[in-house]
Amino acid sequence: MKKSKRIKRSLDSIGKRWHEFDINLESNIYRYLCCAKMNLITAWRLDKNLKFETYQQWKNYIVNRYENVDKDMLIEFSRYLNQNVRNLKPTYEYWATVTTVILTLALTKVFDVFLSAQIDFKGILSIVTVFIFEIFVEIFLIFVVFQTMKPIFDSNLDENFLRDYKEIIDELITKK
């Protein structure tokens, strides 16, 4: 019996095939422009001509790429970018919910540890031990908060990137 093949279709492949739009490359260009946190190797591999310092340079780059494309394809491209923005919304909402749950569980666990610990506060050594333990717990909590909120920050940057790109494409559409 022959198994059916899964359709290997994604918005990324549609963007590359129909609009010559590599979302990863364009996102990295935008990250560099915004001075956002990005992988050092990715920044190093980015072509020198694609490392823009101003928004106007980046906008000119996009306009030059798409000014010869006909209006109907630009409208399709604008809709494609809009769909990418829509697909980011559930991710953002998911991470916001997950972050709340993780932080609640972490804080509950920390308070349980403090309440269940029966420490004798009679000596200076025990006070120093408790103080050092509290510092480690606070560092751990900061790390947990940062790691759980990191995807939210990334999706916000991705959404801004897609909205800015769409805005430029929409300006091209109105000019035509």
Checklist line | Inter-residue atom distance Leu172.CG - Ser78.OG, 0.5 Å rounding | finding: 10.5 Å
Note to self: Please evaluate residues Arg163 and Asp170 with respect to the criterion salt bridge (charged side-chain N to carboxylate O under 4.0 Å, His left out), reporting the C-alpha separation (whole Å), side-chain torsions for both, the decisive distance (0.1 Å), and the verdict.
What the structure shows: CA-CA 10 Å; Arg163 289 189 186 279; Asp170 290 344; over 6 Å; no
Check: Between Leu46 and Asn28, what is the shortest heavy-atom contact and its length?
Finding: CD2-O, 4.1 Å
Notebook entry, point to check: Tyr55 and Trp58: aromatic ring centres closer than 6.0 Å?
Noted result: yes
Check: Thinking salt bridges, do Glu159 and Lys166 make one under a 4.0 Å N-O criterion?
Finding: no
Notebook entry, point to check: Roughly how far apart are Ile173 CD1 and Asp72 CG, rounded to 0.5 Å?
Noted result: 9.5 Å
Check: What closest approach, in Å, do Tyr32 and Lys51 show between heavy atoms, and which atom pair accounts for it?
Finding: CE2-CB, 3.2 Å
Item checked: Any side-chain heavy-atom pair of Gln83 and Arg79 under 4.5 Å -> no
Check: Where is the tightest heavy-atom contact between Leu50 and Leu25, given as atom of each residue plus distance?
Finding: CD1-CD1, 4.2 Å
Note to self: Could you report the tightest heavy-atom contact between Ile62 and Ile169, atom names first, then the distance?
What the structure shows: CG2-CD1, 4.1 Å
Checklist line | From CE (Met38) to CD1 (Ile29), nearest 0.5 Å | finding: 9.0 Å
Note to self: Working to the nearest 0.5 angstrom, can you tell me the gap between Ile14 CD1 and Glu76 CD?
What the structure shows: 10.5 Å
Check: Hey, does the side chain of Tyr66 reach the backbone of Phe77 with a donor-acceptor pair shorter than 3.5 angstrom?
Finding: no
Note to self: In the structure I gave you, are the side-chain heavy atoms of Lys37 and Arg31 within less than 4.5 Å of one another anywhere?
What the structure shows: no
Checklist line | Check: Ile23 main-chain N/O paired with Glu26 side-chain donor or acceptor under 3.5 Å | finding: no
Note to self: Test side-chain contact (heavy atoms from CB on, under 4.5 Å) on Trp18 and Tyr80; report intermediate values, then the result.
What the structure shows: CA-CA 10 Å; Trp18 287 97; Tyr80 163 81; over 6 Å; no
Next item on the list: Kindly say whether Lys16 contributes a backbone atom to a donor-acceptor pair with the side chain of Glu20 at under 3.5 angstrom?
Entry: no
Check: If you round to the nearest 0.5 Å, how far is SG of Cys34 from CG of Asp164?
Finding: 7.0 Å
Next item on the list: Mind listing the closest non-hydrogen atom pair of Arg65 and Tyr165 along with its distance?
Entry: NH1-OH, 3.7 Å
Next item on the list: In plain terms, say whether Lys175 and Glu67 are close enough for a salt bridge, that is, a side-chain N and a carboxylate O under 4.0 Å apart.
Entry: no
Margin query: Rounded at 0.5 Å granularity, tell me how far CZ in Arg86 sits from CG in Leu81.
Written below: 11.5 Å
Notebook entry, point to check: Under a 4.5 Å cut-off applied to non-hydrogen side-chain atoms, are Asp158 and Tyr30 in contact?
Noted result: no
Next item on the list: Assess the pair Phe52 and Tyr61: is the distance between their ring centroids shorter than 6.0 Å?
Entry: yes
